[in-house]
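Working notes, beginning with the structure itself.
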Number of protein chains: 2
Amino acid sequence: MRKVDRQRLLRNLIQTHEIERQEDFVKLLQAEQIEVTQATISRDIKEMQLVKVPNADEGYHYSLPLEKKLDVKEKLRRTLRDAYVTHNQQDYFVVIKAHPGNAPAIASLLDQLQSEDIFGTIGGDDTVLIICKSEEQAKQFRVFIEDLLK
Amino acid sequence: MRKVDRQRLLRNLIQTHEIERQEDFVKLLQAEQIEVTQATISRDIKEMQLVKVPNADEGYHYSLPLEKKLDVKEKLRRTLRDAYVTHNQQDYFVVIKAHPGNAPAIASLLDQLQSEDIFGTIGGDDTVLIICKSEEQAKQFRVFIEDLLK
DNA sequence: AATGAATATTAATTCAAC
DNA sequence: GTTGAATTAATATTCATT
């Protein structure tokens, strides 16, 4: 497997798994029959400018580079600007209504943001349900969305 | 010195110095007559959610947490929206003209962004001169500003 | 150029002390 | 709760190989 392909895979893994250590990457790749060592992962991480971010509560996780995240936020803003209808928060939940067909894109962008506030998202065709980690974090996330719309 | 004060100091140091290792923090604090060990810095970094970012070229540097950077970009957007007059790029340089008195705030926000494109900024009263690391990066930065204004 | 094995370096944690 | 000293764990790099 070529380096570019492996790195693309890393980019996916980071979205779908909580990666705490470089060895986690090694093991996940092993599960896909790809044999690499920690040394290679370290080089990939440097090249891709991935960062190990301390979690708010405990532990660490690897994350996309800053620049990429800024881009994601920018995309989210534009998508919302074009497709936003309404939003609402209740308890742990925030619901965003959008024009038909736009919810999946919004859900995907929210996932890519890897927000500390978000536990998970579920998207329909014109609605995204965002499940937050706490009511407090749901509030914070709602404010985040409102700021984005300003 | 209390922990909160030390952490505030760390936040400053990160802006004004290229911090490559936790030991760099230790040494910089030593220079201020503050004696701490690497263990304490490691705990601070975790608590403040600082991250070690691989540089585009070589080495690493510690950086503000993602969330904070997103906030900075947001502030920059609003400041520009309110105070922006014109901008221009030539060679390595980008010049942003703003309403009188607003340039220092813009320069400060740009510094906080710790953009890989920016070598340094000089601010007057209504003008910020951004010195980029290359003409290519100056272009990129110009696009970044234009996107922000959209 | 890309990689692994071994190693050096850096960072996180444990454990004791305060 | 906070910290340092010592230790362990994790990560980066060196050196050799392909």
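All of these numbers come straight from a predicted model, not from anything done at the bench.
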Between [Y] and [X], is there a side-chain heavy-atom distance shorter than 4.5 Å?
X: B:Lys97; Y: B:His87; value: no
X: B:Lys52; Y: A:Lys52; value: no
X: B:Gln140; Y: B:Gln89; value: no
X: B:Lys133; Y: B:Phe119; value: yes

How many whole angstroms separate atom [atom1] of [X] from atom [atom2] of [N]?
X: B:Phe25; N: C:dA12; atom1: CZ; atom2: P; answer: 12 Å
X: A:Met1; N: C:dG4; atom1: CE; atom2: P; answer: 13 Å
X: A:Asn55; N: C:dA12; atom1: CG; atom2: P; answer: 12 Å

Any carboxylate oxygen within less than 4.0 angstrom of a Lys/Arg side-chain nitrogen, looking at A:Glu146 and A:Arg142?
yes

Below 4.0 angstrom, N of the basic side chain to O of the carboxylate: do B:Asp147 and B:Arg77 qualify?
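Not counted as a salt bridge, because no side-chain N and carboxylate O are separated by less than 4.0 Å.
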
Using side-chain contact (heavy atoms from CB on, under 4.5 Å) as the criterion, list what pairs up with A:Ile122, not counting sequence neighbours.
A:Leu129, A:Ile131

Could I get the full list of side-chain contact (heavy atoms from CB on, under 4.5 Å) partners for A:Tyr92, not counting sequence neighbours?
none

Can you pull out every salt bridge (Lys or Arg N to Asp or Glu O under 4.0 Å) where at least one residue sits in residues 28-46 of chain A? Sequence neighbours excluded, please.
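Non-adjacent pairs meeting salt bridge (Lys or Arg N to Asp or Glu O under 4.0 Å): A:Arg6-A:Asp44.
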
Contacted region of DNA chain D by chain A, from 5' end to 3' end of the hits, cut-off under 4.0 Å to heavy atoms, spans D:dA10 to D:dT14

side-chain contact (heavy atoms from CB on, under 4.5 Å) evaluation trace for A:Gln38 with A:Arg21:
CA-CA 10 Å; A:Gln38 173 267 327; A:Arg21 287 180 298 279; over 6 Å; no

Got a sec, which hydrophobics cluster with B:Ile145, joining ILVMFWY side chains under 4.5 Å apart, including via others?
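Once heavy-atom contacts under 4.5 Å are chained together, B:Ile145 belongs with B:Val72, B:Leu76, B:Leu80, B:Tyr84, B:Val94, B:Ile96, B:Ile106, B:Leu109, B:Leu110, B:Leu113, B:Ile118, B:Val128, B:Ile130, B:Phe141, B:Phe144, B:Leu148, B:Leu149.
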
Which residues, ordered by chain and number, are linked to A:Leu50 in its hydrophobic cluster, where ILVMFWY side chains connect at heavy-atom gaps below 4.5 Å, directly or through other members?
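Direct or chained contacts put A:Leu50 with A:Met1, A:Leu9, A:Leu10, A:Leu13, A:Ile14, A:Ile19, A:Phe25, A:Val26, A:Leu28, A:Leu29, A:Ile34, A:Val36, A:Ile41, A:Ile45, A:Met48, A:Tyr62, A:Leu64.
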
With sequence neighbours left out, write down each residue that passes side-chain hydrogen bond (donor to acceptor under 3.5 Å, both in side chains) with A:Glu23, or none if nothing qualifies.
none

Polar atoms only, N or O, under 3.5 Å: list the protein pairs with nucleotides 7-11 of chain C and their distances.
from, atom 1, to, atom 2, distance (Å)
C:dT10, OP1, B:Arg21, NE, 3.4
C:dT10, OP1, B:Arg21, NH1, 3.4
C:dA11, OP1, B:Lys52, NZ, 3.4
C:dA11, OP1, B:Tyr62, OH, 2.8
C:dA11, OP2, B:Gln22, N, 2.8

Which heavy atom of B:Cys132 sits nearest to which heavy atom of B:Ala138, and what is that distance?
SG-CA, 3.5 Å

Base, sugar-phosphate, or nothing: which does A:Glu47 touch, judged by heavy atoms less than 4.0 Å apart?
nothing

Over the length of the helix from C:dA1-D:dT18 to C:dC18-D:dG1, how much do the five-pair end axes diverge, rounded to 10 degrees?
30°

Would you list the protein and nucleotides 15-18 of chain C atom pairs, both N or O, that sit under 3.5 Å from each other?
none

Tell me, which of residues 3-18 of chain A have any heavy atom that sits under 4.0 Å from an atom in DNA chain C?
A:Lys3, A:Arg6

Is there any side-chain hydrogen bond (donor to acceptor under 3.5 Å, both in side chains) pair reaching into residues 121-132 of chain B, and which pairs are they, with sequence neighbours excluded?
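Residue pairs with at least one partner in residues 121-132 of chain B: B:Asp111-B:Thr121.
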
